[in-house]
Structures are given as C-alpha cells and as structure tokens.
4 protein chains.
Amino acid sequence: MNQTEKGILLVSCPDTEGIVAAVSTFLFSNGANIVHSDQHSTDPVQGHFFMRIEFSHPNLLEKLPELEAAFAVTASPFSMQWSITAISKKPRVAIFATKEDHCLQELIWRWQLGELHAEIALVISNHNHFRELTESAGIPFYHVPVTKDTKAEATAAHFSILEENRIDTVILARYMQIIPEQLIQRYQNEIINIHHSFLPAFIGGKPYQQAFDRGVKIIGATAHYVNEQLDEGPIIEQDITRITHRYNVTDLKRHGKDIERIVLYRAVKWHLEKRVIVHGNKTIVFQ
Amino acid sequence: MNQTEKGILLVSCPDTEGIVAAVSTFLFSNGANIVHSDQHSTDPVQGHFFMRIEFSHPNLLEKLPELEAAFAVTASPFSMQWSITAISKKPRVAIFATKEDHCLQELIWRWQLGELHAEIALVISNHNHFRELTESAGIPFYHVPVTKDTKAEATAAHFSILEENRIDTVILARYMQIIPEQLIQRYQNEIINIHHSFLPAFIGGKPYQQAFDRGVKIIGATAHYVNEQLDEGPIIEQDITRITHRYNVTDLKRHGKDIERIVLYRAVKWHLEKRVIVHGNKTIVFQ
Amino acid sequence: MNQTEKGILLVSCPDTEGIVAAVSTFLFSNGANIVHSDQHSTDPVQGHFFMRIEFSHPNLLEKLPELEAAFAVTASPFSMQWSITAISKKPRVAIFATKEDHCLQELIWRWQLGELHAEIALVISNHNHFRELTESAGIPFYHVPVTKDTKAEATAAHFSILEENRIDTVILARYMQIIPEQLIQRYQNEIINIHHSFLPAFIGGKPYQQAFDRGVKIIGATAHYVNEQLDEGPIIEQDITRITHRYNVTDLKRHGKDIERIVLYRAVKWHLEKRVIVHGNKTIVFQ
Amino acid sequence: MNQTEKGILLVSCPDTEGIVAAVSTFLFSNGANIVHSDQHSTDPVQGHFFMRIEFSHPNLLEKLPELEAAFAVTASPFSMQWSITAISKKPRVAIFATKEDHCLQELIWRWQLGELHAEIALVISNHNHFRELTESAGIPFYHVPVTKDTKAEATAAHFSILEENRIDTVILARYMQIIPEQLIQRYQNEIINIHHSFLPAFIGGKPYQQAFDRGVKIIGATAHYVNEQLDEGPIIEQDITRITHRYNVTDLKRHGKDIERIVLYRAVKWHLEKRVIVHGNKTIVFQ
C-alpha cells in the first residue's frame with residue numbers, strides 16, 4: 001500500500017539552458033509531483049543557478065536510493081551539486097548555551113509548538129544553569145565545563161557526544177566559547193550562531209557597548225553559519241529594532257534579546273526546512 | 001539575425017500533476033530559456049495552481065503568434081488561463097488625479113527614473129491644477145470636469161480619451177470621483193486605486209478622521225484593483241506606519257501620504273511587470 | 001536614615017497656562033527631584049493636558065500621605081485628576097487564559113526576566129491545561145470552569161478570588177470567555193485584552209479566517225482596555241506582520257501568535273509602569 | 001497689539017536638582033506658556049541633562065533680547081548651554097548635490113509641501129545637471145566645479161556664497177566631494193550628510209558593493225553631522241530595508257535610494273525644528 005511522502009530536492013550548478021525542463025521532467029517521469037519550486041540565478045548568462053523543489057512521491061523513504069541513482073544521471077551533464085531529502089527524516093539538533101537563556105528558551109518553546117522540523121537531541125553547556133529548564137522539556141542535558149586548561153578535553157567530549165547522538169546540526173544559542181576548527185570542519189554549514197549585532201558592524205564580544213558608544217539609532221542581530229573567521233560566516237538572517245537616546249547599555253541588551261531570539265529562530269527554521277543554500281560566503285534563502 | 005528578447009508567461013489552472021514539467025518542456029523545446037519562475041498552489045490536492053515564468057527567446061516579438069498557437073495545445077488539457085507577454089511592449093498607462101499631488105508626483109518621478117515599466121500616455125483630472133506638473137514631464141494632460149449634471153459626458157470623454165490613446169492600465173492616484181461601472185467592466189483588473197487606510201478598516205471618504213477618532217496606534221494604505229464594490233476589490237499591497245497620541249488629523253494625513261505614495265508605486269510596478277494574478281477576490285503577487 | 005525612592009505622578013486636566021510651573025515647583029519645594037517628565041496637550045488653547053513625572057524622593061512610602069494632601073491643594077485650581085504612586089509598591093496581577101499558551105508563556109517569561117513591574121499573583125483558567133506551566137513558575141493556579149449554566153457561579157468565583165488576592169490588574173491572555181459587566185465596572189481601565197486582529201478590522205471571534213477571506217497583505221494584533229463594547233475599548237498598542245498569498249489560515253494563526261504575545265507584553269508593561277492614561281476612548285502612552 | 005509667537009528653548013547642562021522647576025518658573029513668570037516640553041538625563045545622579053521646550057509668548061521677536069538677558073541669570077548657576085529661537089525666523093539652508101537627484105528632489109518636494117521649516121536659499125553643485133530642476137522650483141543654483149587643482153578656489157567660492165546668503169545650515173544631498181576642514185569648523189553641527197549605509201558598517205565610497213559582497217540581508221542609510229572624521233560624525237537618524245539574495249548591486253542602489261531620501265529628510269526636518277542636541281559624538285533627538 002503506497003503512502004505519499006514529501007521530499008526536497010536542492011540543486012546548485014552553473015547556469016545554462018534547459019535545467020528546469022530537465023529536472024521537472026525527471027521528477028514527473030519518476031512519479032514525483034512538484035508541490036512547490038523556487039529558483040534563483042545570479043546572472044542568466046554566466047551565473048550560478050539554484051533550485052529548491054518540494055515534491056510528493058509514493059513511498060519516498062523506500063525508493064530514495066533508486067531515485068538518487070537515477071537523478072545522478074540527470075545531474076551529471078549540468079555539473080550539479082544536489083541532494084534529495086525525505087521530510088519524514090527529521091534532522092537531529094544539538095544546542096550549545098552558556099548563561100543567557102532567551103535563545104535556548106525560544107528554540108525549546110518553538111520546538112514544543114511544533115514549529116521546528118527537528119529532533120532536539122540534546123543541550124550542551126559549559127555551565128550547569130540550564131539543566132532543569134532543559135530536562136523538564138524532556139531533553140538530555142550535558143554539562144561540559146571549558147577552562148583555559150581543559151579546552152582539548154572539552155572538544156573531545158563535544159565530539160563524542162555529537163557523534164554518539166548522530167547530530168546533524170549544531171545551534172549556538174549565545175554560547176560564549178570559541179568553536180574549535182575541527183568541529184567547524186566536521187559540521188560544515190551545519191553550525192549556526194547568533195551574533196548580537198547587525199554584522200558587519202560591531203564584530204567581537206561587546207557589541208551593545210560599542211553600539212551605545214557610537215550612538216546608533218538602530219540595533220540588530222545576525223544569524224550566520226560558523227566558519228573559521230569569527231563573525232564572518234555566511235549570513236542567514238538579520239533583523240533590527242529602533243532605539244533612542246534614552247536607552248542605556250542595559251536597555252540595549254534587553255531590547256536586543258528580543259531580536260536575537262527571533263532572528264536565530266528564523267535562521268534555524270529555514271535551515272532545518274532545507275531552505276538555505278550556501279554559495280561562497282553568501283546564502284540563498286528560499287522562503 | 002536573432003535578437004534575444006524577454007517574455008512573461010502567466011498560467012492559472014486547477015492543480016494537478018505534471019503542469020511544471022509540461023510547461024517547462026514546452027518552453028525548452030520551443031527555444032525559450034527560463035530565466036526565472038515562480039509558482040503557487042492554494043492546495044496541492046484540490047487547489048488552484050498559478051505560475052509566472054520569465055523567459056528569453058530569440059525574436060520573441062516576431063514569433064509570438066506562433067508560440068501562442070503552440071502553447072494553446074499544451075494548455076488545453078490542463079484548462080489553463082494563460083497569457084504570453086513580450087516585455088519590450090510596454091503597457092500604456094493613464095493616471096487619474098484630483099487635487100492631491102503626492103501620488104501623481106511619485107509615479108511621474110519613478111517613471112522618469114526608469115523604475116516603472118510603462119508608457120505614461122496621459123493624465124486626466126477633474127481639475128486643472130496639475131497641468132504644468134504633467135506637461136513639464138512631457139505627458140499630455142486632459143482636463144475633464146465632473147459635476148453632478150455632467151457625469152455622463154465626463155464618462156464619455158474618459159472613454160474616448162482612453163480608447164484613442166490605446167490605454168491598457170488606469171491608475172487612480174487619489175482621484176476623488178466614483179468610477180462608473182462601464183469603465184470598470186471595460187478595464188477589468190486594469191484599474192488600480194490607492195485607498196488611504198489599512199482596508200478593511202475605515203472604508204469610505206474620511207479614513208484619517210475615523211482613525212483619529214478610534215485612537216489606533218498604526219495607520220496604513222491599501223492599493224487594490226477597482227471592482228463594482230467600493231473599497232472592496234482585490235488587494236495588491238498594503239503598508240503601515242506607527243503613530244502616537246501626539247498626532248492630530250493633519251499629522252495623520254501628512255504621514256499617511258508617505259505610505260500612500262509608496263504603496264501605490266509598488267502595486268503599479270508589480271502590475272506592470274505582470275507579477276499580479278487575480279483569483280476571485282484575492283491576488284497572487286510574485287515578487 | 002533616609003532612603004531615596006522613586007514615584008510617579010500622573011496628571012490630567014483642562015489645558016491652561018502655568019501647569020508645568022506649578023507642578024514642578026511643588027515637587028521641588030517638597031523635596032522631590034524630577035527624574036523624567038513627559039507631557040501632552042491635545043490642543044494648546046482649548047485642549048486637555050496630560051503629564052507623567054518620574055521623581056525621586058527620600059522616604060517616599062512613608063511621606064506619601066503627606067505629599068498627597070499637599071498636592072491636592074496645588075491640583076485643585078487646575079481641576080486635575082491625578083495620582084501619585086510609589087514604584088516600590090508593585091501592582092498585583094491576575095492572568096486569565098483558556099487553551100492557547102503563547103501569551104501566558106510570554107508574560108510569565110518576561111516576569112521571570114524581571115521585565116514586568118508586577119507581582120503575578122495568580123492565573124485563572126476555565127480549563128485545567130496550564131496548571132503545571134503556572135505552578136512550576138511558582139504562581140497559584142485556579143481552575144474556574146465556565147459553562148452556559150454556571151456563568152453566575154463562575155463570575156462569583158472570579159470576584160472572590162480577585163478580591164481575596166487584592167488584585168489590581170487583570171490580563172486576558174487569549175481568554176475566550178466574555179467578561180461580565182460587573183467585573184468590567186469593578187476594574188475600570190484595569191482589564192487588558194489582546195485581540196487577534198488589527199482593530200477595528202475583523203472584530204469578533206475568527207479574525208484570521210476573515211483576514212484570509214479578504215486577502216489582506218498584513219495581519220495584526222491589538223491590546224486594549226476592556227469596556228462594555230466588545231473589541232471597542234481604548235487601544236493601548238498594535239503591531240503587524242506582513243503576509244503573502246502563500247499563507248493559509250493556519251499560517252496566519254502561527255505568525256499572528258508572534259505578534260499577539262509581543263503586543264500584549266508591551267501594553268501590559270506600559271500599563272504596569274503607569275505610562276498609560278485613558279482619555280475618553282483613547283490612550284495617551286508615555287513611552 | 002500683541003501677537004502670540006512660538007519659541008524654542010534648548011538647554012544642556014550637568015544634571016542636578018531643581019532644573020525643571022527653575023526653567024518652568026522662569027518661563028511662567030516671564031509671560032511664556034509652555035506648549036510642549038521634553039527632557040532627557042543620561043543618568044539622574046552624575047549625568048548630563050537636556051531639555052527642549054516649545055513655548056508661546058506675546059511679541060517674542062521683539063522681546064527676545066530681553067528674554068535672553070533674563071534667562072542668562074537663571075542659566076548661570078546651572079552652567080547651562082542654552083539657546084532661545086523664535087520659530088518665525090526660518091533657518092536659511094544651502095543644499096550641496098552632485099549627480100544623484102533623489103535626495104535633492106525629496107528635499108525640494110518636502111519644502112514645497114511646507115514640511116520643512118526653512119528657507120532653501122540655494123543649491124550648489126560641482127556639476128551643472130540640476131540647474132533646471134533647482135531653478136524651476138524658484139531656487140538659485142550655483143555651479144562650482146571642483147577638480148584636483150581647483151579645490152582651494154572651490155572652497156573660497158563656497159565660503160563666499162554661503163556667507164553672502166547668510167546660510168545657517170548646509171545639507172549634503174549625496175554630494176560626492178570631501179568637505180574641507182575650514183567649512184566644517186565654520187558650520188559646527190550645522191552640516192548634515194547622508195551616508196548610503198547603515199553606519200558604522202561599510203564606511204567609505206562603495207557601501208552597496210560592500211553590502212553585496214558581504215551578503216547582508218538588510219541595507220540602510222545614515223544621516224549624520226559632518227565632523228573631521230569621515231563618516232564618523234554624530235548620527236541623527238538611520239533606517240533600513242530588507243533585501244534578499246535576488247538583489248544585485250544595482251537593485252541595492254535602487255532600493256537604497258528610497259531609504260536615503262527619507263532618512264535625510266527626517267534628519268533635516270528634526271534639525272530645522274531644533275529637535276536635535278549634539279552631546280559628544282551622539283545626538284539627543286526630541287521627536
């Protein structure tokens with residue numbers, strides 16, 4: 001008995017004629033129905049082409065290997081980078097946090113409301129503050145202290161926790177430690193950070209103080225993939241809020257939190273729904 | 001010698017399997033290259049399907065009748081409503097205005113900047129105020145007074161001016177007269193009005209006074225197609241601005257103007273670029 | 001030993017000359033220092049005048065009766081309505097909820113973060129769903145079922161719970177029952193409701209369905225004081241979010257929740273900080 | 001026969017007790033009625049205090065010297081910096097422009113609508129493009145070419161034009177030349193520039209290209225006073241607009257223009273209405 005299932009096809013390749021026709025004909029002739037498709041070309045002549053297709057297919061999970069093998073043939077002449085994902089397989093997520101709970105709270109809350117397409121598999125923190133908050137939501141909590149002298153051990157602990165729990169995606173929910181290069185390389189474009197400024201303004205650890213000192217009239221937050229350059233990874237989402245001369249640094253932090261949690265939530269949601277394609281240092285976000 | 005030209009294909013039909021494949025294969029096999037496509041389905045099973053495709057084609061203008069004849073065959077089994085438009089043929093636009101110039105100014109300005117894909121063929125007004133403004137932009141100006149006793153003559157004059165100038169689209173830029181039913185029927189989904197409130201709040205002639213009396217904290221503007229029901233046609237675009245208790249009615253009008261002109265501009269721009277499909281009393285806007 | 005304390009003076013009276021001088025001189029000569037003041041006049045000649053002053057005073061709590069007696073003399077010739085509040089006396093708040101938790105969650109969370117100047121004394125619900133959520137935050141929970149036949153008993157129960165707990169302010173956090181007139185009269189301008197539309201558009205119980213049917217491009221939420229007319233009390237705060245043709249009614253509800261919780265939070269925060277003055281059917285909000 | 005006139009009093013001084021009482025009593029006892037007042041203190045104990053009062057006074061223009069002499073006595077013990085301005089004396093403004101007309105257009109348009117409290121006395125440009133636009137609005141136009149070799153002559157010409165026309169305020173409406181230090185010193189906090197980025201992000205001459213390269217999701221504009229450090233003067237106003245991966249650099253410029261013109265307009269309007277006080281490298285903006 002067939003059961004219709006949803007899948008997502010992501011494609012990225014040099015732009016040329018006939019891509020849409022080739023892909024849509026492939027899907028049609030392999031029994032898949034296009035539910036929604038979105039595309040982008042950086043330049044119609046010499047540019048790069050990106051496409052995201054939501055489709056439905058009978059017994060997708062079972063037929064996925066077959067479909068992938070067949071699509072490889074279609075993809076090859078176009079030099080496509082591509083992936084097919086069955087929606088029913090939810091990504092497994094680990095959240096890293098430190099002492100500020102607003103981003104962690106927001107993610108757990110959204111997840112409980114069914115607004116995040118994920119299994120939140122665990123929370124890791126260098127402090128023990130959020131154990132109760134986490135465990136009362138039914139999520140395992142790992143306390144991994146990080147000091148100057150124990151960085152190597154901490155990284156090893158992180159690796160083994162993430163591996164054992166088959167984690168796909170790591171969310172840094174105001175995690176105040178530098179992520180080591182090995183972890184970044186292992187989870188390429190799968191680690192999302194929230195920076196508490198409107199990047200590239202106010203890089204570094206004290207953006208609200210910097211914003212106050214400069215006298216800006218708007219503050220913001222930025223969710224981005226983590227790469228080797230601090231605060232310079234591909235930006236997924238940003239948002240802002242207006243401030244006035246009446247706000248001191250504490251006010252900026254308080255109002256900034258409201259932006260941080262919503263910006264991180266949106267970026268995570270889009271990432272989990274396979275709406276984001278990284279290209280160089282930029283993102284294509286198919287909303 | 002071939003010259004590549006851009007075209008837009010709009011499709012609207014009951015949703016079913018294989019539409020995208022059929023359309024994209026048609027375009028590919030008829031020498032057209034898809035530059036951008038966008039689609040929407042109100043419901044994947046029993047819904048209605050909408051698609052907008054920008055494509056490039058050698059000598060589109062010359063080959064358009066051929067292409068249309070061929071697409072009719074593809075379209076028929078899907079019961080498609082469709083149109084193919086060559087971008088090089090700019091829509092001819094008439095603007096109606098009365099005594100407030102901000103919307104008229106904005107449209108002329110945007111047009112001079114090259115931001116409106118149109119020929120602004122003429123301005124019609126029931127007053128003579130904007131003759132200089134209009135003519136100094138090189139646009140013919142028609143003064144058609146409207147009084148209680150001359151409505152029939154005015155409508156006849158409007159009709160003949162619009163017909164003689166082969167007008168495609170009519171913009172009501174704060175035109176303060178009721179549009180007669182014959183005109184609405186002749187230019188179905190081709191007359192755009194700006195209403196100075198966030199519809200459906202504050203229908204009628206004095207929305208800012210009503211907004212003031214109700215004590216709202218936000219005011220807005222709405223651009224919509226004109227149909228037989230006053231202020232109830234399909235909405236194309238809306239936007240708002242925050243207000244405070246300090247604003248009197250004059251302040252609301254002044255701030256409202258800034259919203260009106262930008263909302264009307266956006267709606268007109270999208271309409272002219274064939275980004276809007278009307279379905280029942282709603283619009284699909286492919287931005 | 002004196003301890004400096006903060007107070008808030010609210011004044012509302014017919015506008016005339018010399019009000020600011022009289023009030024500021026009173027405060028200065030009675031040992032109070034103005035920390036911040038804000039004022040509004042609906043019209044400098046025949047209008048109404050409103051003022052909110054934050055001041056500091058040594059031993060305010062102890063000296064409050066004295067200060068009030070003295071200010072009555074200053075206030076009388078101006079026919080002022082006025083109040084002096086010591087900030088250290090936090091208002092006692094009751095939250096009413098039904099089955100949707102997002103507004104209740106937001107209020108509890110903000111309160112835990114120290115962002116609401118209140119004692120949340122209790123939660124009342126006509127269902128038992130939120131007992132754990134409420135009690136785990138250390139807040140007493142009262143389950144008061146309401147059926148067609150038990151309305152009178154329910155109202156009596158509400159009254160006695162509110163009186164026994166010396167409640168100052170009632171928040172309807174998506175409480176889906178009509179508030180009886182006796183309660184409204186007892187708590188004049190002290191009951192705040194969140195309506196899930198951009199009032200006055202879409203009054204009634206199904207605003208998101210109505211918004212969907214009308215095809216609006218923006219949805220909103222409205223926090224207002226509850227008076228005898230359903231959805232027509234003085235508006236405290238409104239906000240909106242953009243939507244597109246892609247959103248179905250479920251999407252509207254989901255996105256609407258994010259607006260509802262933030263709009264209600266802001267209105268409650270301002271009310272608790274004595275920033276809102278009701279005048280007729282409108283509010284002055286001194287942010 | 002007395003005629004009531006409006007004035008604005010600006011005060012800036014170290015915060016201490018009794019300032020509001022002293023100022024409001026002064027105004028009251030000198031026959032002035034406070035129409036609106038606004039104040040700000042950076043810190044109630046050790047901070048700096050700022051106040052803006054709109055008042056009405058019979059025959060203000062005639063009595064201004066008297067009033068100033070009297071207020072000097074009140075101001076002295078508080079070490080106030082202060083000014084009293086009669087609203088009827090409009091500031092005289094010079095606009096500098098180069099080749100982009102959107103900011104110049106917006107300012108002229110707003111001025112024609114009566115939304116700028118100023119005399120636009122003249123436009124200066126290093127090109128001759130805007131002569132017709134300017135002169136058709138009845139504003140004198142000065143063409144002062146600037147080349148590498150003629151900078152000194154150009155500056156001399158600027159000085160003499162500004163002095164002869166008794167200019168109070170200079171607006172750089174996308175003027176693409178560096179302002180020499182002498183001019184900055186002569187017109188301290190009276191030269192307003194619009195920078196086409198959300199400062200401090202993207203300092204320098206090609207902010208839209210930089211924004212495109214960084215892949216930001218929001219672009220902005222900043223209006224600021226010009227001081228000796230390029231793009232680092234006190235910020236008056238900023239605003240932003242969302243962008244997507246679909247925007248190329250040309251799109252960013254086009255959308256950016258809409259932000260630039262509105263941000264510059266707001267900053268100029270507030271400056272002309274004496275709503276802005278500069279303190280160090282920041283502004284207090286009393287809206």
Side-chain angles (χ1 to χ4, degrees), chain C residues 2-9 11 13-58 60 71 74 77-78 87 218 241-244 284-287, chain D residues 2-9 11 13-58 60 71 74 77-78 87 218 241-244 284-287:
Chain C
N2 281 357
Q3 195 193 337
T4 297
E5 285 160 0
K6 277 204 178 170
I8 293 167
L9 169 63
V11 167
C13 64
D15 203 357
T16 184
E17 302 190 2
I19 303 173
V20 178
V23 172
S24 55
T25 302
F26 167 85
L27 288 170
F28 184 60
S29 58
N30 281 273
N33 185 42
I34 295 178
V35 174
H36 184 70
S37 97
D38 218 329
Q39 59 175 86
H40 172 60
S41 176
T42 56
D43 181 292
V45 181
Q46 299 191 311
H48 210 80
F49 176 88
F50 307 90
M51 187 159 54
R52 177 185 184 274
I53 294 182
E54 284 181 30
F55 62 89
S56 59
H57 189 280
L60 176 62
F71 190 70
T74 299
F78 295 100
I87 280 185
I218 285 174
T241 191
R242 294 188 76 86
I243 60 172
T244 77
I284 286 86
V285 181
F286 289 123
Q287 280 178 269
Chain D
N2 281 357
Q3 196 193 337
T4 297
E5 286 162 359
K6 277 205 178 171
I8 293 168
L9 169 63
V11 167
C13 64
D15 203 357
T16 184
E17 302 191 4
I19 302 174
V20 178
V23 172
S24 55
T25 302
F26 168 85
L27 288 171
F28 184 61
S29 57
N30 281 273
N33 185 40
I34 294 178
V35 173
H36 184 70
S37 97
D38 219 329
Q39 58 175 86
H40 172 60
S41 175
T42 55
D43 182 290
V45 181
Q46 300 190 310
H48 210 80
F49 177 88
F50 307 90
M51 187 160 55
R52 178 185 183 273
I53 294 183
E54 284 181 30
F55 62 89
S56 59
H57 188 281
L60 176 62
F71 190 70
T74 299
F78 294 100
I87 280 186
I218 285 174
T241 191
R242 293 187 77 86
I243 59 171
T244 77
I284 285 86
V285 181
F286 289 123
Q287 281 179 267

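Here is how names work: the chains are called A, B, and so on, in the same order as the sequence lines, proteins then strands, and each is numbered from 1.
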- Query: Tell me the salt bridge (charged side-chain N to carboxylate O under 4.0 Å, His left out) pairs involving residues 16-34 of chain C, sequence neighbours left out?
  - Reply: none
- Item | Pairs where residues 19-42 of chain C contributes a residue and the test salt bridge (charged side-chain N to carboxylate O under 4.0 Å, His left out) is met, not counting sequence neighbours | B:Arg246-C:Asp38
- Which heavy atom in C:Ser24 sits nearest to a heavy atom in D:Ser24, and how many Å separate them? OG-OG, 2.6 Å
- Can you measure from OG (D:Ser41) to CG (C:Asn33) and round to the nearest 0.5 angstrom? 9.0 Å
- So which of C:Gly18, C:Ala32, C:Ser29, C:Ser37 has the biggest tally of heavy-atom pairs under 4.5 Å with chain D? C:Ser37
- Task: Check D:His36 against C:Gln39 and note the closest heavy-atom contact, atom names and distance.
- Result: CE1-O, 3.3 Å
